[in-house]
Amino acid sequence: MDHNEGLIKEEKPKKPRKVPDHVILSGGLNNRYWVLEVEERPGHKTLTISCSKSLHPTETCLLKDGWEMTPVCCGDVVHMEGHSDSGAWLVDREQGFLVLLPDSLISGTSISSSIRCMRRAVLGDMFKSFDGGSKQMLNGTIVHEVFQRAATAKDFSLETLSKLADQVLQTISCLPSNSRAPSRCQDSATVVTVTELADIEENVWSPRFGLKGKIDVTARVRIQRRSHRTLEEKTVPLELKTGKESNSIEHRSQVILYTLMSLERYNPEAGFLLYLKTGNLHPVVPTHMDRRELLKLRNTLVHYIHNCVDKEKKRSRLSRLPDILTNRQTCQYCPQKINCALYERAVDGNSADVSEDVVRDFLQLETGHLTPPHLSYFSHWLLLCCLEAATMEAKNGRKRVWLRTPEESEKNGSCVGNVQLSGPVTIQSEGVFLHRFQRSSAVLQKGLANSGLASGDRIVVSDQEGRLVGLATGYLCEVSRTCVNLSKFSGVLFRLDGDEGVVGLSTHLTNLSRLMENGQDSDRLRELVVDLRPPEFISNLSSVLPREAKDTVANILKGLNKPQKQAMKKVLLSKDYTLIVGMPGTGKTTTICTLVRILHACGFSVLLTSYTHSAVDNILLKLKRFRVGFLRLGQGQKVHPDILPYTEESIRKKGVHTLSDLEQLYNKELVVATTCMGIKHPIFTRRRFDFCIVDEASQISQPICMGPLFYAKRFVLVGDHQQLPPIVQNQEARSLGMDESLFKRLELHSEAVVQLNVQYRMNRQIMSLSNSLMYEGRLECGSERAATALLTLPFLVSVQSELSSYSKTDPQHDLAWIQATLLPSNPVCFLDCSMVPALESVEQGGVSNHTEAALIHKLLSLLIKAGCKPSDIGVIAPYRLQLKSISALLQSSAFTGVEVNTVDRYQGRDKSLIVFSFVKSTAEEGNLGELLKDWRRLNVAITRAKHKLLMVGSATTLRRYAPVEKLLNHLQQENMISLKHIIPL
DNA sequence: TCTCTGCGCAGAGGA
């Protein structure tokens, strides 16, 4: 018997009985239930659910009349609509809804597109297609814009329309053929008149139904029913259509979904479809059946989106998608064609054997140009991205906007609640509004200044009660100011949440899909990236170097050291790519800047990119000084102030009126700079470059790094794989190689690699640490001056004598170790706290070590007293929580300027003096943590100091980390200082 | 066991 029971348990997919930390459950209107059990019977399904994290008490939910087909699993979160009879919910034909995974908001268009093809809707969620769209779509966008502007101005006269059209686009020939104000809808029984516009492009998030969308027009209407002889005022959604007047299920479904998602805002009973070609207004009055069927579609869609990987024997693999349609007509215009075929072959390469002829022909047509290695590269990275996306989704902070109260969110600094509009809303520029918010008087004393939100942050505006979620998004201009239009809510209390956004990995997947396309750019890149075809070089410089540029180039080269010169030469000779390894302190930025100058002088066009905005701007700031012109693409909010004049936004302000003006703006500069993610810019539909340079390349994941490479004939990757790799959150994805950058992958072709090994940052002793840890002695000092540079401490003598006298009066305290530590002539010190002891403390959200923090505080006080400038000091720790505890001790003004940051954030930067807190110190075995196991992170940490590096940690614990052990073994006796007890000062 | 930067968005029509 026991044996049997064991077997049955094994068969059922075992889901954790415990609810994970990030899941938030609740009862009430916006309830969230956890599914504990699913029992299937013919014709119905019973769920055991609970809205309490303790999973007690439980309730039941009976699904029937088609609802039993809902793909709900144990461990899912669901939302219940309808009512329960003492804990027993019923969802059937007549009543109730079940919303699966309600915190994944699905857009109205996704759902309506799933009516025709569920597979397309799922793929559409994964891959944002790149194709610029059709003429009709462009026309649609323009006409929408014109209509909405005319509606705002309440003027539909032909003159106004054509004026507005001119504003939208200078060259326009397509206007709605019927330009009268479309405000009436008549059928025999009712007359509907639009009386007022409440909003344009209203953004709606509906966590109750798991929906989101943008409503073209929200209108106030007067409904006159002949039979009742009554007048009714209503607010309703209006969906504009510029194409054929089809009144199709898709169009109507969109409207039905809009009425559902705005239920809490104004409870519309109906919505309208407005066809601009004819001016006809079609009422859409949703029935329970309509809503029921659309929510069922939503549930199926969200199920596929969330379960794109499944686990078999602890190994994840891609799940099957809904079947491919065999109706070629529907597929003809599908933008997901290639992804549809790729996915089919990626998941099951042999499926072509069993499928129908039409499908086989389709697969051949779309993917026939690809070899098995290509397909497996695609499916491998697709799996990695799906794994990573799942981890990111679980942590997705956006749902906190509706699941957490503002008070809860304020505690971790991501929110400001209880604010009111104060003062008038002003228009900043076209469609951008400036709002002022103020704490309502009840909570005024708390103030806004020290919330976690800072100017430049993206924020989401919602109402305090959670009825109007995601009303608008915008940027925080100054504390208490934002740019969104909310003038209609003058009496409402708002909350502002920091918006991390939902990035997902759609750029990764889009790039991967692009790599598989059948076309010149993709074919070439596939050959280099996937097939690893060896890069080719030409043999003679004279053929690439224009005669008139020779002198200029020679002049520029003068300032470079030998390996830097080699790098320049290699790039010029390359036909495919060059990899530049920039070891710490070897002047990567200078090298890139010089490279751009040379290429520019030769008349080559250059696409200059990096992963982060700051890295892009660092190069541009240098470039600017050499009078090399460039165009900087990207959000002004993120760009360095000194680079702002070079952005498209700023140049446009000076007057770009015609298409040729725009063309000029995009083509004028040889050098265009942006981040790797910024490649969706329209400039890339036209322009190709001679060279693409990618900085920070060893920190960028392969699918992102290849993005800009599509647009250039040759590329240069700059990085150092001995420093930090791309960050991958999902453990399995990391173990399957997601943290291998393209830089690392291509490095096997050593003929393409140039090493910059001459460094000017560290003095000899500091450099030798890194040399023994990572570079096997290859790193060299560029000058005797750099090699011997020491920290300057003008008042050291007085500090030392103070310490001596303290030692004399208190002989039990031997302070000689501090005196030794302070000496500039002792550039590397490891302060061993094993004996103190200085134990770490593990809290939720991180690890810290208060003793190390206190020690660092003392050391810095003395060093600053001895004359070290606070701005020359950097404090580094691997864990955020430790930074917090150190910063807390450095509050006094004496420390202003000391920069406390993580290893990761210090990459690419340096300071004269660096103090590194290892934090980890534990008596027990195990639980070592990942961060310090990484050789590369340690390498970064010890190569940030120019003149002096102080390390604080417990050698006995740290020896258990292989990289730290190697470091400790290298340290000479005089570098190791063992502390016996806590400092007495 | 905790390191973090990118992103505008959903929808613009066509069968």
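Treat the numbers as computed from the prediction; the structure is a model and nothing was measured. All chains are named by letter (A, B, ...) in the order of the sequence lines, taking the proteins before the strands, and each is independently numbered beginning at 1.
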A.B. asks: Under the side-chain hydrogen bond (donor to acceptor under 3.5 Å, both in side chains) rule, collect the residues that match up with A:Thr507, sequence neighbours excluded.
C.D. replies: none
A.B. asks: With sequence neighbours excluded, what pairs up with A:Asn203 under the side-chain contact (heavy atoms from CB on, under 4.5 Å) test?
C.D. replies: A:Trp205, A:Lys214
A.B. asks: Is there a side-chain polar atom (N or O) of A:Ser107 under 4.0 Å from OP1 or OP2 of B:dA10?
C.D. replies: no
A.B. asks: Whether A:Arg734 and A:Glu732 form a salt bridge (side-chain N of Lys/Arg under 4.0 Å from carboxylate O of Asp/Glu) is what I want to check.
C.D. replies: no
A.B. asks: Could you tell me whether A:Lys638 contacts a base, only the sugar-phosphate backbone, or nothing, with contacts defined as non-hydrogen atoms closer than 4.0 Å?
C.D. replies: nothing
A.B. asks: Can A:Lys588 and A:Asp695 be counted as an ion pair, charged N to O under 4.0 angstrom?
C.D. replies: yes
A.B. asks: Name every residue in residues 692-700 of chain A that has at least one heavy atom under 4.0 Å from any atom of DNA chain B, in order of residue number, or write none if there are no such residues.
C.D. replies: none
A.B. asks: Using a 4.0 Å heavy-atom cut-off, does A:Arg937 contact any base of the nucleic acid, only the sugar-phosphate backbone, or nothing at all?
C.D. replies: base
A.B. asks: Can you tell me if the side-chain N/O atoms of A:Lys244 get under 4.0 Å from OP1 or OP2 in B:dG13?
C.D. replies: no
A.B. asks: Report the distance from atom CE of A:Met137 to atom P of B:dA10, rounded to the nearest whole Å.
C.D. replies: 14 Å
A.B. asks: Sequence neighbours excluded, which residues qualify as side-chain hydrogen bond (donor to acceptor under 3.5 Å, both in side chains) partners of A:Ser110?
C.D. replies: A:Ser107
A.B. asks: By the 4.0 Å heavy-atom rule, please label A:Cys334 as base, sugar-phosphate, or nothing.
C.D. replies: base
A.B. asks: With the side chain of A:Gln635 defined as its heavy atoms from C-beta on, choose the nearest nucleotide among B:dG8, B:dA15, B:dC4.
C.D. replies: B:dG8
A.B. asks: Separation of A:Gln254 atom CD from B:dA12 atom C1', in whole Å?
C.D. replies: 10 Å
A.B. asks: Taking atom C1' of B:dT3 as reference, at what distance in whole Å does atom CG of A:Asn730 sit?
C.D. replies: 15 Å
A.B. asks: A:Lys214 has an atom NZ; how far is it from atom P of B:dA10, in whole Å?
C.D. replies: 6 Å
A.B. asks: How close or far is atom P of B:dT5 from atom CG of A:Leu724, stated in whole angstroms?
C.D. replies: 12 Å
A.B. asks: Please give me the minimum heavy-atom distance between A:Val875 and A:Tyr906, naming the atom from each residue.
C.D. replies: O-CE1, 3.8 Å
A.B. asks: If you assign each of A:Leu932 and A:Glu239 to its closest nucleotide in DNA chain B, which residue comes earlier from the 5' end?
C.D. replies: A:Leu932
A.B. asks: Go through the N and O atoms of the side chain of A:Arg880 and the base of B:dT3, and report whether any donor-acceptor pair is under 3.5 Å.
C.D. replies: no
A.B. asks: Taking side-chain hydrogen bond (donor to acceptor under 3.5 Å, both in side chains) as the definition, give me every residue that meets it alongside A:Glu648, ordered by chain and number, with sequence neighbours left out.
C.D. replies: A:Arg652, A:Tyr666, A:His681
A.B. asks: Give the dot-bracket string for DNA chain B, reading 5' to 3', where a pair is Watson-Crick or G-U wobble with both distances under 3.5 Å, ( ) marks pairs inside the strand, [ ] marks pairs crossing earlier ones, | marks a partner on another strand, and . marks unpaired.
C.D. replies: ...............
A.B. asks: Find the distance A:Ile215:CD1 to B:dC9:C1' and express it as a whole number of Å.
C.D. replies: 14 Å
A.B. asks: For residues 242-260 of chain A, which residue pairs qualify under salt bridge (charged side-chain N to carboxylate O under 4.0 Å, His left out), counting only residues two or more places apart or in two chains?
C.D. replies: A:Arg116-A:Glu250
A.B. asks: Quickly work out the A:Asp125 CG to B:dC9 P distance and round it to whole Å.
C.D. replies: 12 Å
A.B. asks: Once ring-ring contact (aromatic ring centres under 6.0 Å, His included) is applied, do any residues pair with A:His251, and if so which ones, sequence neighbours excluded?
C.D. replies: A:Tyr275
A.B. asks: With sequence neighbours left out, write down each residue that passes side-chain contact (heavy atoms from CB on, under 4.5 Å) with A:Glu740, or none if nothing qualifies.
C.D. replies: A:Gln702, A:Lys744, A:Arg745
A.B. asks: Atom CZ of A:Arg936 to atom C1' of B:dC4: distance rounded to whole Å?
C.D. replies: 15 Å
A.B. asks: Of the nucleotides B:dG14, B:dA15, B:dG6, which has the atom closest to the A:Thr612 side chain?
C.D. replies: B:dG6
A.B. asks: A:Tyr611 side chain: which of B:dC4, B:dG6, B:dG13 is closest?
C.D. replies: B:dG6
A.B. asks: Please measure how far the C1' atom in B:dA12 lies from the corresponding atom in B:dG8, and state the result in whole Å.
C.D. replies: 15 Å
A.B. asks: Is any side-chain nitrogen or oxygen of A:Thr242 closer than 4.0 Å to OP1 or OP2 of B:dG13?
C.D. replies: yes
A.B. asks: If the cut-off is 4.0 Å, is A:Thr109 near the phosphate of B:dA12, judged by side-chain N/O to OP1 or OP2?
C.D. replies: no
A.B. asks: With nearest nucleotide decided by heavy atoms, which residue, A:Asp216 or A:Tyr879, maps closer to the 5′ end of DNA chain B?
C.D. replies: A:Tyr879
A.B. asks: At under 4.0 Å between heavy atoms, what does A:Tyr258 touch on the DNA or RNA strands: base, sugar-phosphate, or nothing?
C.D. replies: sugar-phosphate
A.B. asks: Heavy atoms only, 4.0 Å cut-off, all strands: where does A:Arg120 land among base, sugar-phosphate and nothing?
C.D. replies: base
A.B. asks: How long is the straight-line distance from OG of A:Ser917 back to CD of A:Glu840, given to the nearest 0.5 Å?
C.D. replies: 11.0 Å
A.B. asks: When you measure from the side chain of A:Met392, which nucleotide among B:dG6, B:dC4, B:dG13 comes out closest?
C.D. replies: B:dG6
